[in-house]
Structure formats: structure tokens, C-alpha cells
Amino acid sequence: GRATAGGPHGRTGAALGRWIAEAARLRSIRLAGEEQELLARKHSGDLWAISQELEKMRFGWKLSHAARNEEKVWSFTDPFLKQRRSAFRPLAELLDAGHEPIMLVGALAAALRALALVDDAVRRGTLTALTGSMHPFVVKKNAELARALRPGEISRAFNRLVQADRELKTGVLAGPLALLKLVLE
């Protein structure tokens with residue numbers, strides 16, 4: 001499996017910083033301090049995911065580009081989670097800008113997973129435990145949303161997302177249509 005901050009092969013804090021610095025050095029990548037912090041925060045100590053990001057950087061990928069794209073994608077995922085139909089305009093803008101539908105489905109899956117984790121923590125009263133593995137802003141944003149959700153809403157959203165993913169991957173619907181259906185139905 002993947003090595004994560006809490007797993008047997010994962011790293012945390014200073015150890016994670018040293019691991020990232022060494023992994024970058026081995027790939028002849030010079031990381032700025034903020035890039036190292038971004039990698040650590042973005043992937044919560046998931047060494048496999050960090051390695052994949054470093055490989056992309058090795059061949060010219062810029063973390064600043066990734067961060068800008070994430071902000072654009074959040075302009076879609078946040079409205080989707082709050083009020084699904086309000087995500088139509090941001091979705092249309094992302095598709096017009098050339099974002100791949102499969103990537104947007106993946107972004108929605110990640111956003112729903114984060115929401116589900118926070119929702120579970122809110123229900124259990126263990127919300128502060130998440131701040132070690134999630135950015136505090138993400139925890140706060142999702143906690144507010146989780147408190148406003150009706151019971152079963154996350155499960156229904158996951159079911160709709162799985163259906164859209166299946167329609168997209170099997171070609172039942174073209175990518176943009178599967179996403180439009182997901183947002184508008």
C-alpha cells in the first residue's frame with residue numbers, strides 16, 4: 001500500500017521535510033522551502049504521491065501551476081458540495097479552459113472524501129484530530145458544510161459520482177455530458 005504520515009513507512013514533520021529534500025536531491029530538483037511545505041501539506045505525508053509529484057517536477061512540472069489549477073478546480077468543487085446546480089458555471093469555465101472531465105471527476109471524489117472524513121469527525125467529536133492531516137482551512141470549510149448536510153447526503157453524492165465516473169469511463173456518455181448530468185440532475 002501507500003506510505004502515509006501515519007503508516008509504517010510514512011514520515012511526519014521534520015522527518016517528512018528531510019525525506020522530501022533528499023528525494024528532490026536524488027532527482028536533481030531544487031525545491032524552495034514553500035514548495036517543500038506545499039508538497040508535505042498537499043499530500044499529508046503520502047510518500048508515493050509526493051514521489052509522483054517530484055517525478056513530474058523532474059520533467060518540468062511547476063507546483064505553482066498545480067496550485068493555480070487547484071484554485072480553479074475549487075471554484076467548481078466547493079459550489080458542487082454546497083449546492084450542486086450552482087457548480088454549472090464554474091464547470092463550464094473549466095471545460096472551456098481545457099480541463100479533462102476525468103480529472104474533474106477525480107477532484108470531486110477527493111473533495112467528497114475530505115467532506116466525508118470531516119463529517120465523520122464532526123459526528124464523533126474528533127474534529128481537532130484532523131488538523132494534523134488536513135489543512136485547517138479545509139477542515140473548517142468542510143465542518144461548516146457537514147453541519148448543514150441532511151443525513152445520507154454524502155452517500156447520495158458518492159453514488160451519483162460513481163455513476164458519472166462509470167458513464168465517463170465506459171463511454172456511455174461523453175465526458176462533459178457525464179459531468180453536466182451530475183451537476184444538473
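Atoms considered below: every heavy atom in the structure, side chains included; atoms not considered: hydrogens, waters and symmetry mates.
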What are the two closest non-hydrogen atoms of [X] and [Y], and how far apart are they?
X	Y	result
P90	P79	CG-CG, 4.4 Å
A146	D119	CB-OD1, 3.6 Å
A109	F158	O-CE2, 4.4 Å
L108	T77	CD2-CG2, 3.8 Å
A40	L16	CB-CD2, 3.6 Å
L31	A24	CD1-CB, 3.7 Å

Check the pair L26 / L54 against side chain to side chain contact (heavy atoms under 4.5 Å, CB included), numbers first and verdict last.
CA-CA 10 Å; L26 290 172; L54 288 170; over 6 Å; no

Using the rule given for side chain to side chain contact (heavy atoms under 4.5 Å, CB included), can you reason through L115 versus L149, listing the C-alpha separation, both sets of side-chain angles and the distance that settles it, and then say yes or no?
CA-CA 10 Å; L115 177 59; L149 289 174; 3.9 Å; yes

Is it the case that more than 12 heavy atoms not belonging to R27 sit under 6.0 Å from its CZ atom?
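Counting neighbours around CZ of R27, more than 12 heavy atoms of other residues, nucleotides or ligands fall under 6.0 Å, so yes.
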
Roughly how far apart are [X] [atom1] and [Y] [atom2], rounded to 0.5 Å?
X	Y	atom1	atom2	answer
L81	E153	CG	CD	10.0 Å
K56	I29	NZ	CD1	12.0 Å
L184	L177	CG	CG	10.5 Å

Can a donor-acceptor pair be found, under 3.5 Å and without considering hydrogens, that links the side chain of Q36 to the backbone of I20?
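Flag not set: sc Q36 to bb I20 has no pair under 3.5 Å.
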
Please say which of V162, L161, L182 ends up in a side-chain contact (heavy atoms from CB on, under 4.5 Å) with V105.
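Option passing the side-chain contact (heavy atoms from CB on, under 4.5 Å) with V105: L161.
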
Less than 4.5 Å apart, any side-chain heavy atom of [X] and any of [Y]?
X	Y	result
V172	R166	no
L104	L95	yes
V138	V118	no

Pairs satisfying side chain to side chain donor-acceptor pair (under 3.5 Å), at least one member in residues 169-185, at least two apart:
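Sorted result for residues 169-185: D165-K169, E167-K181.
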
Salt bridge (Lys or Arg N to Asp or Glu O under 4.0 Å): pairs with one or both residues in residues 87-112, sequence neighbours excluded
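The answer is none; no pair qualifies.
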
Residue set satisfying side chain to side chain donor-acceptor pair (under 3.5 Å) with D78, at least two apart, ordered chain then number -> K141

